[in-house]
Amino acid sequence: MGEALLEAGGESMLPPQAFLERLKDFGQEHTLGRWKELNEVERDELICELEAVDLPRVSRIARKTLQRGDSLRNPVPLAEASVSCIEERTAQERERWWGLGLKAISEGKLAVLLLSGGQGTRLGSNDPKGCINIGLPSGKSLFQLQAERILRIQKLASNRAGSGRLVMIPWYIMTSPFTDTATRQFFEAKKYFGLEAQQVIFFQQGTLPCVTKEGKIIMESACKISRAPDGNGGVYAALKTSGHLEDMAKRGIHYVDCFSVDNALVRVADPLFLGYCIDRNVSCAAKAVKKLYPQERVGVFVRRAKNGPVAVLEYSELDPALASSVNQETGRLNFKWSNICMQMYSLEFLAAVTDELEQDSIYHVAEKTIPSADGPVQGIKLEQYIFDAFPYAPSVAIFEVVREEEFAPVKNASGVDSPESARLLLLRLHMRWVVAAGGFILHSVPLHLTGVEVSPLISYAGENLEEICHGRSFHVPCEIR
Ligand code: UTP
């Protein structure tokens with residue numbers, strides 16, 4: 001490469017020698033391949049771009065990830081006893097956990113953490129996913145639904161704290177270069193949906209260069225490298241580098257409730273889940289639902305080996321025969337616990353796991369078509385996943401929740417897991433709440449198209465509705481506020 005550059009022109013055409021040598025050390029000298037075509041400004045730009053790359057880190061991550069591959073050959077199903085199943089919970093237990101969780105929240109020990117750096121390619125919207133209006137009667141966005149659930153829990157926790165004390169739950173929102181500006185502007189324009197501006201803390205996840213199968217950095221143009229967000233697991237490193245882990249510790253946070261942006265039914269800051277984690281004294285817990293059918297496109301919880309650590313296998317990584325295999329005793333799927341991206345961490349664990357993940361360079365290969373200076377090429381995005389931390393946890397608990405109550409994903413523009421399916425799931429649940437509270441639903445439009453929505457400001461999980469709904473009729477579509 002250096003020789004090719006020399007042939008291309010005289011002294012002034014050459015990149016700085018030391019710079020070239022350093023790139024050669026990491027096998028990345030091809031990034032200067034179009035040096036001779038660049039003007040001075042572009043050359044400076046390219047040098048800045050390359051200087052900003054932590055070459056030893058990127059090389060290590062690419063090398064280890066490409067060598068390791070993703071497959072886990074012999075995953076072991078989770079033992080029935082290691083999951084907290086819905087059927088096993090008593091009303092007293094639920095009440096106790098709710099109380100324990102609410103107490104911790106009222107003491108200011110919980111922060112919520114939103115993963116909102118994804119590009120939402122399947123949805124195909126230019127806005128960050130959280131901004132989208134899924135067509136509810138209220139027209140609320142996903143961000144607004146989440147904010148109002150936080151407001152409701154703050155109110156319940158403040159009531160519990162008593163003596164007029166206002167509880168504030170800090171909301172950390174991870175964005176990426178693709179979602180950052182639009183997300184901040186949306187929150188500002190909507191006046192933080194009634195939250196205090198200072199309790200909403202934005203920070204950006206990192207990006208990594210896209211590479212070829214040989215680990216060579218792909219150039220987006222002659223003077224710009226191709227980059228992609230480092231996956232939702234980038235949150236671990238980003239929390240640390242942004243200083244927010246320390247910030248959380250200073251605020252007296254003990255637990256962090258982490259969730260993805262694209263679930264219209266997500267129970268943000270769920271006191272029940274928190275209370276369960278406190279009761280079990282686990283450093284990490286995840287909510288799960290039962291898989292609907294073997295080929296459902298969801299990741300499943302497994303053990304890496306018999307008595308090994310808990311991990312998640314993506315649907316593409318689970319052998320189809322294993323995915324369909326059935327436990328002879330229970331008649332249920334062996335690998336039935338689906339990951340729905342709602343997890344609780346102790347702050348202590350979050351602080352410890354970041355270094356371990358970084359040391360082991362746990363990243364995955366996402367093969368994608370990547371725009372490059374030579375046209376679209378098949379390349380690799382290096383991504384960390386949120387669940388990569390689970391195997392490092394001294395204790396992990398899996399907590400089953402009712403799918404219809406907590407899981408309405410928004411992944412695709414239409415059909416399965418779309419804004420429409422999520423809207424209908426939410427409305428169906430809310431109408432069940434209203435009817436259970438003694439209300440009546442009146443409709444002149446078919447109920448499979450719309451329904452009654454309950455504002456999170458008055459009810460988080462169906463509570464508090466008797467007084468408002470009993471004996472009253474609600475005409476579809478409407479929002480009960
Ligand atoms: P998905 O894996 O569904 O990705 O993200 P996505 O970007 O939203 O959608 P597609 O795959 O491009 O269609 C699950 C959660 O992880 C977040 C998303 O914002 C979502 O909340 N995420 C994903 C990040 O925060 N950063 C990433 O780099 C990727």
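Along the sequence shown, the residues carry numbers beginning at 1. Order of appearance sets the numbers: ligands from 1, and atoms from 1 within every ligand.
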Enquirer: Could you tell me which residues satisfy salt bridge (Lys or Arg N to Asp or Glu O under 4.0 Å) with D270, sequence neighbours excluded, listed by chain and number?
Expert: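 Salt bridge (Lys or Arg N to Asp or Glu O under 4.0 Å) list for D270, sorted by chain: K287.
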
Enquirer: Output a table of donor-acceptor pairs, distance under 3.5 Å, between side-chain atoms of residues 166-176 and any protein atom two or more places apart or on a different chain; print 'none' if there are none.
Expert:
residue : atom : partner : partner atom : Å
Y172    : OH   : D247    : OD2          : 2.6
Y172    : OH   : R251    : NE           : 3.3
T175    : OG1  : D180    : OD1          : 2.5
T175    : OG1  : F203    : O            : 3.4
S176    : OG   : G117    : O            : 2.8
S176    : OG   : F178    : N            : 3.3

Enquirer: Check each protein residue for a heavy atom under 4.0 Å from ligand 1 and list those that pass, ordered by chain and number.
Expert: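 Contacting ligand 1 under 4.0 Å are L115, S116, G117, G118, Q119, G120, T121, R122, K129, M174, Q205, P229, G231, N232, S260, V261, D262, K411.
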
Enquirer: Within the side chain of E296, is there an N or O that forms a donor-acceptor pair under 3.5 Å with the backbone of L292?
Expert: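 Checked: pair present.
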
Enquirer: Indicate the atoms forming the closest heavy-atom contact of M342 with F259, along with that distance.
Expert: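 Heavy atoms only, the tightest pair is CG-CB, 4.2 Å.
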
Enquirer: Run the salt bridge (Lys or Arg N to Asp or Glu O under 4.0 Å) test against E420 and tell me which residues pass, sequence neighbours left out.
Expert: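 Partners of E420 by the salt bridge (Lys or Arg N to Asp or Glu O under 4.0 Å) criterion come out as none, since no residue qualifies.
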
Enquirer: Step by step, work out the salt bridge (Lys or Arg N to Asp or Glu O under 4.0 Å) result for E400 and R89.
Expert: CA-CA 10 Å; E400 187 195 4; R89 278 172 224 152; 5.6 Å; no

